[in-house]
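Notes for the one structure printed next.
First the proteins, then the strands, lettered A, B, ... as listed; each starts at 1. In this text the structure is predicted, and so the values were computed from the model without any measurement.
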Protein chains: 2
Amino acid sequence: MSDIGIKQLAKNLGISTASVSRALSNPDRVSTAMRKRVQTAAKLAGYRPNKMGASLRTSKTRNIIVIIPDISDTFNSGVIRSLERTAANRGYSVLFGDTQGIRELEITYGDMVQTRQADGIICFSHRLPFTDEDMASDSFKMPPLVNSCEYIDAAQAGGHIVPLVTIDNVKASRELTQHLIDLGHIDIAVITGDISSPSTTQRLQGYQQAMLSSGLPVQQQLIYEGTYTLEAGSTITKEILLAKKRPTAIFCMCDETALGCLYALKEHNFSIPNDISVVGFDDIKFAQYFSPALTTIAQPVAEIGQQCVEVLIDIIDGKEIKKPMVVLPHRLVIRDSTGPRPDR
Amino acid sequence: MSDIGIKQLAKNLGISTASVSRALSNPDRVSTAMRKRVQTAAKLAGYRPNKMGASLRTSKTRNIIVIIPDISDTFNSGVIRSLERTAANRGYSVLFGDTQGIRELEITYGDMVQTRQADGIICFSHRLPFTDEDMASDSFKMPPLVNSCEYIDAAQAGGHIVPLVTIDNVKASRELTQHLIDLGHIDIAVITGDISSPSTTQRLQGYQQAMLSSGLPVQQQLIYEGTYTLEAGSTITKEILLAKKRPTAIFCMCDETALGCLYALKEHNFSIPNDISVVGFDDIKFAQYFSPALTTIAQPVAEIGQQCVEVLIDIIDGKEIKKPMVVLPHRLVIRDSTGPRPDR
DNA sequence: TATACATTGGAATACGTTTACAGTGTTCTC
DNA sequence: GAGAACACTGTAAACGTATTCCAATGTATA
């Protein structure tokens with residue numbers, strides 16, 4: 001803990017700094033005697049190599065910057081935890097940038113690779129964290145970057161391929177909708193996420209596909225634009241209840257929204273699933289404790305986080321990536337918030 | 001974005017690196033003409049200063065490491081978000097270390113200040129992230145560190161005073177218990193958090209104080225040792241229901257536990273608050289959407305995060321800190337999960 | 001025995017920045 | 001108009017490490 005540097009340590013031992021460095025970070029390039037001597041001396045003196053110095057020399061920071069619109073979102077939290085864990089195992093630290101969806105902040109955090117504060121980026125947004133200006137420049141070089149859960153349009157990315165770790169949103173959404181259709185539901189309302197995000201679009205697609213392939217009409221007035229929040233679920237559900245012809249099922253595009261939805265329904269004395277069925281998406285840890293327990297799509301949170309980091313590190317290490325897209329399996333979890341369509 | 005350094009930029013402009021550095025980071029120490037010239041050239045060339053180099057020189061990283069047992073805990077998430085935001089405003093980045101309560105990981109992350117990867121630490125644990133061995137060493141110097149919500153025993157800290165940002169857990173717990181007592185409850189069960197954490201002990205104290213000052217007995221068999229999790233709430237509640245003499249109220253030491261508790265009660269067809277009252281602690285964003293909406297103690301999440309960062313940066317900047325402990329106001333939020341003691 | 005070869009340690013350098021110090025020219029003061 | 005004060009810029013030395021050369025030593029080969 002004493003503020004000792006490699007030079008001082010070398011001097012104490014009467015050897016060169018090179019030997020110290022080797023003994024500590026490349027132990028096999030040095031004799032056993034030397035290795036032991038240096039290592040014990042280092043421990044004794046409480047020597048801690050200054051990572052700044054090392055980083056400057058090697059131009060590797062062993063940091064990963066995670067750019068995320070809302071770090072306190074429950075689904076994200078799960079992924080984050082896994083990210084951090086995997087990164088730590090691989091010898092990387094994780095920095096977080098919570099952007100609140102603000103473009104300017106995205107750019108700021110995106111810049112951290114350029115300024116050598118991080119070796120790569122994991123992004124939870126559908127936009128790249130670089131200015132159009134930067135990306136248009138012909139000297140632009142895409143830094144190591146992996147996207148989590150949100151597809152980035154190749155056009156927006158200026159032709160760059162952005163690796164992606166995700167589930168198949170279309171398919172998951174189709175299955176979830178099909179589950180409702182199988183229960184006899186015909187009028188199925190949807191509360192979407194932010195309409196600008198591809199995950200929302202994809203889930204909407206899945207919904208439409210399921211409806212059409214069962215010969216059911218897609219009713220535009222049943223599609224409500226929301227956000228991935230509790231509040232949206234609550235307020236929009238009230239709106240839905242005011243409709244002349246009420247749906248018998250509500251598809252919420254995330255679990256938080258579904259909780260808001262359940263809340264509003266119960267507030268108005270609807271019985272779930274007897275009067276109205278509700279489904280969510282994500283399977284956050286609370287979902288099974290909701291009342292009623294929520295039918296939803298479970299995303300493999302831990303695997304998503306892990307894969308993001310693995311792929312990113314591969315890119316950082318300059319390895320060839322076979323597939324730019326990792327699609328992980330989801331799971332339809334049927335609980336108590338869905339039931340047969342009520343007779344009218 | 002082109003990989004250009006300060007030297008090259010200086011050479012291009014036919015000036016010294018000193019002038020470039022000054023023009024960019026100390027603009028007032030340079031003539032207007034020079035400033036403009038350098039700034040436009042820098043922008044044009046896409047020059048991004050290498051922070052590693054700067055850090056090495058200044059021995060400031062502008063990083064803060066946050067050591068936290070569970071990053072995905074809903075209460076923590078809120079604080080984290082605020083932390084990150086405040087830090088960013090003050091020009092600091094935040095690194096996260098999720099320790100899962102594992103001692104070894106705490107140490108690893110605690111070491112990041114010694115290895116110059118961060119300037120200070122914000123800690124969410126009741127233990128310091130240093131080995132006893134290190135702390136015993138007389139060359140040990142406490143790095144800038146602030147504790148969030150958890151008191152650290154001075155003895156454990158080897159006599160060091162550890163700044164703390166928290167609410168008054170004893171008082172909050174007392175008020176919460178008093179609320180139940182005011183409703184006529186006498187047999188009030190408690191589901192604690194991890195018994196090793198001071199916040200739990202303090203909340204327990206508050207409970208006992210309230211009981212005693214109302215002349216009610218503290219019944220040891222009503223105090224159940226749990227953890228700050230959903231699962232604990234659910235399983236322990238079932239245990240409580242099996243007791244010969246059932247309590248009429250349950251005090252859960254965090255909202256997640258309370259949700260688990262509500263779940264178990266409903267599963268066994270208890271009506272809340274008619275049969276049993278339930279209170280939580282924290283007021284996580286879900287609390288008001290629970291059914292019934294949860295009576296709880298609201299912690300000022302945003303302020304906690306902000307204060308932690310402010311105090312830490314003051315310490316880093318070597319400022320004298322007036323008070324080593326910042327106690328923020330909490331708020332008793334009465335919702336629908338509590339009601340009068342039922343007649344038996 | 002002489003030569004090639006493997007192993008090991010040391011000296012020096014580079015990474016990219018900031019900053020103390022020195023130097024130059026300009027303006028101000030009396 | 002001389003000297004001081006000032007504003008600005010350049011020179012060069014760090015910061016702490018990893019690594020590339022080289023030299024030296026010991027070891028196996030011809």
Side-chain angles (χ1 to χ4, degrees), chain A residues 1-39 41-42 45-63 91 111-119, chain B residues 1-39 41-42 45-63 91 111-119:
Chain A
M1 197 74 58
S2 42
D3 256 358
I4 188 180
I6 198 172
K7 280 183 194 163
Q8 187 56 46
L9 188 60
K11 192 180 287 179
N12 290 354
L13 287 163
I15 59 176
S16 74
T17 62
S19 299
V20 176
S21 174
R22 275 193 289 249
L24 294 175
S25 32
N26 272 58
D28 41 326
R29 305 196 61 72
V30 100
S31 70
T32 333
M34 169 72 75
R35 179 166 53 234
K36 287 233 166 124
R37 205 156 76 91
V38 172
Q39 285 176 346
Y47 167 68
R48 296 282 189 288
N50 180 324
K51 297 269 183 181
M52 287 292 124
S55 286
L56 183 57
R57 177 61 224 254
T58 59
S59 68
K60 291 236 169 292
T61 64
R62 309 232 101 195
N63 282 156
D111 209 38
M112 295 183 76
V113 170
Q114 316 301 337
T115 59
R116 308 306 166 89
Q117 303 192 76
D119 299 338
Chain B
M1 198 73 59
S2 43
D3 255 359
I4 188 180
I6 198 171
K7 280 184 194 163
Q8 187 57 45
L9 187 60
K11 191 181 286 178
N12 290 353
L13 287 164
I15 59 177
S16 74
T17 62
S19 296
V20 175
S21 173
R22 276 191 289 248
L24 295 175
S25 33
N26 271 59
D28 41 325
R29 305 195 63 71
V30 99
S31 71
T32 331
M34 170 75 77
R35 180 166 51 233
K36 287 229 166 128
R37 205 155 78 91
V38 172
Q39 285 176 346
Y47 167 68
R48 295 282 190 290
N50 181 325
K51 298 267 185 185
M52 287 295 124
S55 286
L56 181 57
R57 175 61 222 250
T58 60
S59 70
K60 291 237 168 290
T61 63
R62 308 231 101 197
N63 283 156
D111 210 39
M112 294 183 77
V113 169
Q114 316 300 338
T115 60
R116 307 306 165 89
Q117 303 193 76
D119 299 339

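Between B:Met52 atom CE and C:dT17 atom P there is a gap of 12 Å when expressed in whole angstrom units. In this structure, A:Arg116 atom CZ and C:dC15 atom C1' are separated by 10 Å, rounded to whole Å. Taking atom CD on B:Gln8 and atom P on C:dT17, their separation rounds to 12 Å, with Å as the unit. Across the protein-nucleic acid pair, A:Arg35 atom CZ and C:dT8 atom C1' stand 13 Å apart, rounded to whole Å. Here the P atom of nucleotide C:dT8 and the CG atom of A:Asp28 are 10 Å apart, to the nearest Å.
Nearer to the 5' terminus of DNA chain D, by closest-nucleotide assignment, is the contact made by B:Gly53 (compared with the other of B:Gly53 and A:Ser21).
Shown here are the side-chain hydrogen bond (donor to acceptor under 3.5 Å, both in side chains) partners of A:Arg116, two or more places apart in sequence or in another chain: B:Asp3. Every residue meeting the side chain to side chain contact (heavy atoms under 4.5 Å, CB included) condition with B:Ser55, not counting sequence neighbours, appears here in chain and number order: A:Met52.
Between A:Gln117 and A:Thr61, every side-chain heavy-atom pair lies at or beyond the 4.5 Å cut-off.
The residue B:Ser55 sits apart from the nucleic acid: no heavy atom pair falls under 4.0 Å. In this structure, B:Lys51 reaches neither bases nor backbone, as no heavy-atom distance under 4.0 Å exists between it and the strands shown.
In terms of heavy atoms, B:Tyr47 sits closest to B:Ile4 at CD1-O, 3.4 Å.
Nucleotides of DNA chain D lying under 4.0 Å from heavy atoms of chain B occupy a range whose first and last members, 5' to 3', are D:dC8 to D:dG16.
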Below 3.5 Å is the cut-off: list the nitrogen or oxygen pairs between protein and nucleotides 10-14 of chain C, distance only.
from   : atom 1 : to      : atom 2 : distance (Å)
C:dG10 : OP2    : A:Ser16 : N      : 2.9
C:dG10 : OP2    : A:Ser16 : OG     : 3.2
C:dG10 : OP2    : A:Ser19 : OG     : 3.0
C:dG10 : N7     : A:Arg22 : NH2    : 3.3
C:dG10 : O6     : A:Arg22 : NH1    : 3.4

Please list, one pair per line, the donor and acceptor atoms closer than 3.5 Å that link side chains of residues 8-15 of chain A to other protein atoms, with sequence neighbours excluded.
from   : atom 1 : to      : atom 2 : distance (Å)
A:Gln8 : NE2    : A:Asn12 : OD1    : 2.9

Using atom types as modelled, flag every donor-acceptor pair under 3.5 Å from a side chain in residues 22-36 of chain A to any protein atom, sequence neighbours excluded.
from    : atom 1 : to      : atom 2 : distance (Å)
A:Ser25 : OG     : A:Ser21 : O      : 2.7
A:Ser31 : OG     : A:Met34 : N      : 3.3
A:Arg35 : NH1    : A:Pro27 : O      : 2.5

